[in-house]
Structures are given as C-alpha cells and as structure tokens.
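In what follows, a single structure is set out as structure tokens and then discussed.
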Number of protein chains: 2
Amino acid sequence: MLTIRDIAREAGVSTATVSRVLNDLQSVTEETRRKVLETVNRLGYRPNGLARSLSTKRTGTMGLIISDITNPFFPEIARGVEDVLNAYGYNVILCNTDGHAEKEAAYIRLLVEKRVDGIIFASVRTDKSDLSDLDANGIPWVLAGRTLPGIDRDCVVVDNILGAYQATQHLLQLGHRRIGYVSGPFHVSVNMERLEGFRQATSGYGLNASELPIVEADFKQAGGYAAALRLLGPQSDLTALFVANDLMAIGVLEAAHDLAIQVPEDLAVVGFDDIPLAALHTIQLTTVAQPKYEIGAVAARMLLDKIDRVNTDGDRSSAKVILTPKLQVRRTSGADLSPQIGRQPATVPDAEK
Amino acid sequence: MLTIRDIAREAGVSTATVSRVLNDLQSVTEETRRKVLETVNRLGYRPNGLARSLSTKRTGTMGLIISDITNPFFPEIARGVEDVLNAYGYNVILCNTDGHAEKEAAYIRLLVEKRVDGIIFASVRTDKSDLSDLDANGIPWVLAGRTLPGIDRDCVVVDNILGAYQATQHLLQLGHRRIGYVSGPFHVSVNMERLEGFRQATSGYGLNASELPIVEADFKQAGGYAAALRLLGPQSDLTALFVANDLMAIGVLEAAHDLAIQVPEDLAVVGFDDIPLAALHTIQLTTVAQPKYEIGAVAARMLLDKIDRVNTDGDRSSAKVILTPKLQVRRTSGADLSPQIGRQPATVPDAEK
DNA sequence: TATGTATCAGAAACCGGTTACATCATAGCG
DNA sequence: CGCTATGATGTAACCGGTTTCTGATACATA
C-alpha cells in the first residue's frame with residue numbers, strides 16, 4: 001500500500017507538502033497542489049488513518065455502549081447517535097454488553113486503547129469511579145437515557161419518575177386499585193425511577209405501594225411473559241399491570257392471551273418506551289413514549305460539545321438535559337377513546353423519518 | 001497520558017522489554033516481568049492501540065455495513081456479527097447507509113483509511129469494482145444475506161428464490177390465483193430473487209406472472225402501507241399478497257385494517273424474513289424465516305477465516321454458504337391450522353438466545 | 001541597490017508502539 | 001580452561017503520517 005513518501009517522490013515534492021495539500025492547509029501553489037492531487041488520484045493513494053491519528057491525537061471514532069441492539073428500544077437511539085456523529089465525520093463502534101459489568105469493563109478497556117474520541121453510554125453498569133477513570137484518561141463521555149447515582153451532568157434523560165407517575169395515575173383514574181408492577185432489574189437506575197413514579201402515584205391515591213405486587217424481570221419479552229404468569233395466577237386479584245418497558249409488556253400480552261385473559265377488559269396493561277410495534281393496530285399498547293432518536297441525537301451533540309470544550313480547555317462537563325416523556329393512550333389500558341369517532345387514523349409509525 | 005517509555009524508565013528496563021511483557025512474548029525473567037507489571041498497574045498505563053496497530057498492521061476493528069439498524073431485520077444480524085467478532089477480540093464499526101450508494105462509498109473510504117481488518121456487507125449498493133478495490137487494498141470482505149451479480153464466493157445467503165417459491169406456492173395451494181407482489185427496490189438483488197421465485201411458482205400453475213400486479217416499494221413499513229393502498233383499491237380483484245419483506249407486510253396489514261379488509265378472510269398475506277414481531281399472537285404473520293443471527297455469525301466466521309488465509313497467503317476467497325429458508329405458516333395466510341388442536345403453544349420469540 | 005516581508009517548500013523531529021539485531025552473561029561441554 | 005549455545009535484555013530502526021522550524025525565493029519599498 002502506498003505511503004505519503006511514495007506520493008512525495010513521484011510528485012517531486014516533500015512529504016510535508018503532500019500533507020499540506022491533503023489537508024488543504026496554509027499556502028501551497030496552485031501548480032504544486034495540482035501536481036500532488038494528480039499523483040494521488042493517478043496512483044489511488046489512501047492516507048493511513050492510524051498514522052494520522054497517532055500524531056494528531058484524534059481518531060474520529062466514538063464508542064456506543066448499549067445492552068443489546070436486538071432490544072427494539074436501542075436501534076433508534078443508535079441511529080440518532082450515528083446520524084449526528086457521522087455528519088461530523090465520526091464513526092461509531094457498537095458495543096453490546098447485555099448489561100454485564102465485566103463485558104462493559106472489557107469494552108471500555110478496548111475503547112480506551114483504541115483511543116476513541118468519546119463514549120456514549122446508553123446502558124451502564126460501571127460506577128462513577130470507572131467514569132472518572134475515563135476523565136483521567138481524557139476521554140469524554142455522556143450518558144444517554146440513563147443516569148448514575150451522584151451524576152447530574154453530562155447526560156440526557158427522560159423524566160422516568162414523571163412518566164411512570166402519569167402512567168400509573170392513568171390506571172388509577174380508570175378505577176384500578178390492584179395494580180402490579182413488572183419490574184426491570186433492580187440495579188438498573190431507570191427501572192428504580194419508574195418504580196418510584198409508580199409508588200408516588202399509588203401513594204397519592206392512598207394505596208400502600210408495598211402491598212402491591214412487584215416482580216423483577218430482565219427487560220426482555222420472555223422475562224415479561226414469565227413475570228406475568230407469576231402475577232396472574234388463579235388467585236390473582238390484579239386488574240392492571242404497569243410494565244417497566246414495552247418489550248416486557250409485549251410478553252405480558254402474550255401471557256395474557258395464553259391464559260385466556262382479555263386485555264383490556266380483564267386486565268389493563270401499560271408499558272414504557274413506545275417502541276415501534278406498540279402502535280400497530282393489532283397491539284395498540286398504551287405506553288409512555290420516550291423520544292428515542294432524539295435521546296441519541298442529543299447525546300451525540302452533547303458529546304461533540306464536550307470534545308470541543310476540552311480542546312478549548314474550558315469547563316469539562318455539560319449540563320443535564322431532561323426530556324419529557326408523553327403518555328400515549330391506546331387500547332391496552334381500556335381508556336374510553338370514544339371522543340375520537342370511529343377508527344383511529346392510519347398509523348404509519350416509521351413515516352416520519 | 002503515559003507511554004511505554006515512561007514505564008520502561010520507571011521500571012528500569014528498556015521499552016522492548018516492556019513490550020515483551022505486555023504481549024507475553026519470548027523469554028522474560030519472572031523477576032523483570034513482575035517488576036514491569038507492577039509498574040504498569042501502579043501507574044495505570046494503557047498502551048496506545050494506534051501506535052500498536054501502526055506497526056503491527058492489525059487494528060482489531062471490522063466494518064459492518066447495513067442499510068438501517070432500525071429495520072428489525074438487521075439488529076439480529078448485527079448481533080450475530082458482533083458476538084462472533086468480539087469473541088475474537090475485534091470491535092465493530094456500524095455503518096447505516098440507508099441504501100444510498102454515495103453514503104456507502106463514503107463509509108468504505110473511511111473504513112479503508114481506518115485500515116479496518118475486514119468489512120461485512122449486509123447491504124450493498126456498490127458494484128464489483130469497488131469490492132476488487134478493497135481486494136487491491138488488501139481488505140478482506142464478505143457479503144451477508146446478499147449477493148452481487150458476478151459474485152459467487154465470499155458470501156452467506158439464504159436461497160431467496162426457493163423461499164419465495166415456497167411462499168407463493170403456499171398461496172397457490174390455498175386456491176389463490178390473483179396474487180400481487182409488493183416489491184422492494186428493483187435494484188436490490190434479494191428482491192429480484194424473491195420476485196423470480198414468485199414468477200417461477202405462478203408460472204408453474206399456468207399463470208402469466210406478467211399479468212399479476214407488482215408494486216415497487218422501499219422495504220419499509222410506510223412503503224408497504226402505501227403499496228397496499230394502491231393494490232387494494234375498490235376495483236381490485238386480488239385475494240392474496242406476497243410481500244418482499246416483513247416490515248412492508250406489517251404495513252400491508254395496517255392498510256388492510258384501515259381499508260376494512262379482513263385478513264386472512266378477504267386477503268391472505270405472506271411476508272419474508274420472520275422478524276421477531278411476526279410471531280406475536282396478535283399478528284401471526286405467515287412468512288419465510290431467515291436465520292438472521294446465523295447469517296451474521298457465519299459471515300463473521302467466514303471473514304475471520306479469510307483474514308487467516310491472507311496471512312498464510314493461501315487462497316484469498318471463501319466458498320459461498322447457502323442457508324435454507326423455512327416457510328413459517330401462521331394466521332395471515334389463512335391456511336387451515338386445525339391439525340394443531342386449540343391454541344398455539346406459547347410463543348416466546350426471544351427465549352432462544 | 002539594499003532591505004524588509006510574505007509566501008512556498010523542505011528537513012527532520014515527533015506521535016508511541018514493535019521487532020530485528022546486537023550485546024552480554026551464564027551454563028554446558030569437551 | 002576455553003569455546004559455544006542459550007537466554008535475557010538493550011539499541012535503534014521502523015510503521016506512516018503531521019508539524020515546527022528554517023531556508024529560499026519573489027516582490028514591494030525606500
């Protein structure tokens with residue numbers, strides 16, 4: 001493979017000049033520029049990004065840490081991240097951690113060695129110390145859709161407590177009093193925030209939240225299915241379930257179907273996330289919508305900002321951005337949708353992009 | 001940030017020795033090894049992967065080119081790729097091209113400059129010349145789930161013609177004669193193969209395939225929705241639609257619902273891919289299943305093989321792997337499922353992983 | 001004509017690793 | 001006891017760019 005020295009020799013100039021032409025820097029005669037570019041094109045020279053990065057200390061690569069891209073919550077976030085970063089000339093390394101701390105730690109080590117210009121965590125298992133480790137190594141990071149105890153900067157999140165509160169209140173207003181919570185893993189902060197919103201809403205109605213059943217699952221469809229089977233046994237008196245994310249809510253709907261429980265007549269279900277399939281007319285899941293693409297896009301911009309700021313050696317951290325979730329009332333909560341006469345308008349979920 | 005020279009000085013050895021310890025190469029006294037490792041840990045040294053890659057000519061990074069990660073067909077492929085490559089110490093750069101040739105070309109240029117160790121194309125717009133360009137630059141590649149005219153090696157594909165043939169035959173056997181084809185973009189090879197399978201099957205029943213309506217769409221839900229509206233107008237005599245992928249088939253189902261057309265009573269629908277949501281009890285889409293995770297995993301292994309083979313300077317290309325698709329009969333085609341008494345068994349699609 | 005000032009281009013150091021080769025000490029052997 | 005084989009370590013070149021510093025040239029000005 002050709003090097004800059006080959007081009008320099010062939011064009012009869014120095015490597016410095018070739019470099020200047022390639023980065024159109026400073027002053028180079030039109031004549032030499034032409035000569036160099038001609039040589040570059042004729043020989044099909046491709047500069048070596050590694051060598052460039054080694055001396056410029058910029059790789060043009062970012063890391064994106066998520067738990068699992070097959071969870072429909074993440075693709076849109078990833079897309080938001082990728083679109084913004086790519087527009088600024090960056091590439092994205094995708095890291096699926098499955099929520100395992102060791103996998104995450106291994107990825108972080110790899111990303112540090114690759115000297116990525118920044119990392120976006122759309123899923124976190126590390127604690128603050130690992131992040132300050134990154135700070136120490138001069139690698140900016142941002143949290144997308146998650147927070148960590150003790151961190152109230154450099155993150156873009158949705159107000160999970162508010163969203164869960166509204167979802168639960170929606171069920172309460174429909175008259176439900178025996179409401180179960182299908183929980184994500186207890187160690188995940190977003191889940192605990194949603195649980196908190198659930199508790200606040202039920203307490204507001206004079207219910208003792210600790211008497212309402214809570215089952216911990218794994219944010220996956222199969223987990224939601226299993227949790228529902230446990231919660232909806234024969235002696236169950238539950239009339240509604242608030243489910244910590246849509247994927248599990250889908251599992252709950254499957255379980256209800258298999259148990260011959262009618263939704264929403266016998267059981268109201270509300271999810272969280274508003275993943276694309278929630279809007280399908282055959283599902284019509286009532287859920288708390290998060291602006292997923294925007295979360296990714298905002299996080300990416302925040303990271304770019306942070307990088308800029310490091311270079312101009314100003315303040316190192318960005319503000320916290322809180323996006324507002326929106327309760328999306330559909331069929332599965334059994335709310336009276338009659339004000340909207342007749343059929344729902346055609347739903348074409350992915351038309352907006 | 002620390003360099004290997006800092007460690008060498010601090011430990012009182014040469015950089016060569018530090019390097020040897022870090023790569024546990026050759027012979028180093030237990031004594032010095034301990035001394036070096038102690039220094040490395042004490043100072044928290046992280047080797048610079050760029051420098052390493054520059055001299056070893058290995059980056060430990062691969063590129064994965066897909067059209068859009070928010071298309072539910074791709075996450076599983078990406079996951080298969082990532083799992084395998086990560087197990088071998090590689091990272092994956094994700095590239096969303098939206099099927100645009102220019103975006104793809106730009107990404108390829110970037111990946112070449114970054115000197116990735118290989119590229120997996122799960123979506124291709126380039127022609128053979130760009131690929132031989134990669135060959136010329138010594139960057140191995142593999143096609144996953146797609147072929148290109150004139151290429152019959154280095155790819156793992158599903159037999160699209162067979163799959164489409166079986167799907168169409170399924171409709172024909174159910175008595176349908178007026179069958180429409182909701183097509184993906186005509187320039188995409190997998191789509192043309194599916195169309196070919198559709199033609200072969202209909203011809204086999206003495207139908208003139210050119211008389212059956214075909215509408216080109218974009219492989220997206222909204223596209224399928226729009227195509228269905230065109231195909232299912234008031235004067236339509238179609239009783240079945242074969243749809244080139246599941247995402248569009250979902251759009252077709254939405255359209256049918258909005259047009260008050262009963263599926264499968266008034267219209268049978270068959271898709272292709274078997275994306276996760278096709279199996280949901282509320283959808284039950286009959287479709288041709290592709291082993292998506294396996295496509296990604298096999299492609300990744302094939303790429304690793306190819307890299308090995310380049311190093312041992314043997315043959316440069318791998319065989320073609322053809323996986324067999326499987327017709328998954330569900331509700332939307334209206335087949336008589338009565339042999340299976342009563343309810344379908346609980347479907348928990350993501351339980352297998 | 002002499003001097004100051006821009007502009008253009010080259011030489012060489014540098015980024016931070018790896019590794020071929022050289023050196024040196026020690027052990028083994030006749 | 002001297003020679004060689006072996007193993008541990010160091011020296012320095014190299015990977016392929018960027019960038020500082022410096023020199024050369026041309027032009028304008030006094």
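To find a chain, count down the sequence lines: A is the first, B the second, and so on, and within it residues start at 1. Keep in mind that this is a model prediction, so the values were computed, not measured.
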With a strict under 4.0 Å distance from non-hydrogen atoms of chain B, what nucleotide opens and what nucleotide closes the contacted stretch of DNA chain C, reading 5' to 3'?
C:dG16 to C:dT19
To the nearest angstrom, the CZ-P distance between B:R5 and D:dG10 comes to 14 Å
Value in whole Å for how far the P atom of D:dT18 lies from CG of A:D24
12 Å
Does B:T17 put a side-chain nitrogen or oxygen below 4.0 Å from OP1 or OP2 of D:dG10?
yes
When you check the phosphate oxygens OP1 and OP2 of D:dT9, does a side-chain N or O of B:T32 lie under 4.0 Å from one of them?
yes
Rounded distance in Å - CZ (A:R115) to P (D:dG17):
21 Å
Measure NZ/A:K57 against P/D:dT19 and give the value in whole Å, please.
11 Å
Categorize B:L2 for me: base, sugar-phosphate, or nothing, with a 4.0 angstrom heavy-atom threshold over every strand shown.
sugar-phosphate
Atom CG of B:L54 and atom P of D:dT18: how far apart are they, to the nearest Å?
12 Å
Heavy-atom distance under 4.5 Å between the side chains of A:W141 and A:D135, does that happen here?
yes
As a test of reading the structure: which of D:dT18, D:dG17, D:dT11 is closest to the side chain of A:N23, going by heavy atoms?
D:dT18
Between B:R42 and B:E10, is there a side-chain N and carboxylate O pair less than 4.0 Å apart?
yes
side-chain contact (heavy atoms from CB on, under 4.5 Å) between A:Y88 and A:N86: does it pass, once the steps are laid out?
CA-CA 5 Å; A:Y88 285 85; A:N86 191 44; over 6 Å; no
Does A:L22 or B:S14 map to a spot on DNA chain D nearer the 5' end, using the closest nucleotide for each?
B:S14
Are any of the side-chain nitrogens in A:R79 or B:D68 under 4.0 Å away from the carboxylate oxygens of its partner?
yes
Evaluate B:S67 against B:D98 for side chain to side chain donor-acceptor pair (under 3.5 Å), listing each step before the verdict.
CA-CA 4 Å; B:S67 63; B:D98 288 316; over 6 Å; no
Scan A:S19 against the nucleic acid and name what it touches under 4.0 Å (heavy atoms): base, sugar-phosphate only, or nothing.
base
Which residues share a side chain to side chain contact (heavy atoms under 4.5 Å, CB included) with B:L148, sequence neighbours left out:
B:V124, B:L131, B:L143, B:I151
Between atom CZ in B:R52 and atom C1' in D:dG17, what is the gap in whole Å?
20 Å
Whole Å only: how far is the CD1 atom of B:I4 from the C1' atom of D:dA12?
14 Å
Taking every heavy atom of A:F219 against every heavy atom of A:N71, the minimum-distance pair comes out as O-ND2, 4.1 Å
Atom pair distance, as rounded to whole Å: CG in B:L50 and P in D:dG17:
14 Å
Looking across every strand, which nucleic acid part, if any, lies under 4.0 Å from A:V18 by heavy atom: base, sugar-phosphate, or nothing?
nothing
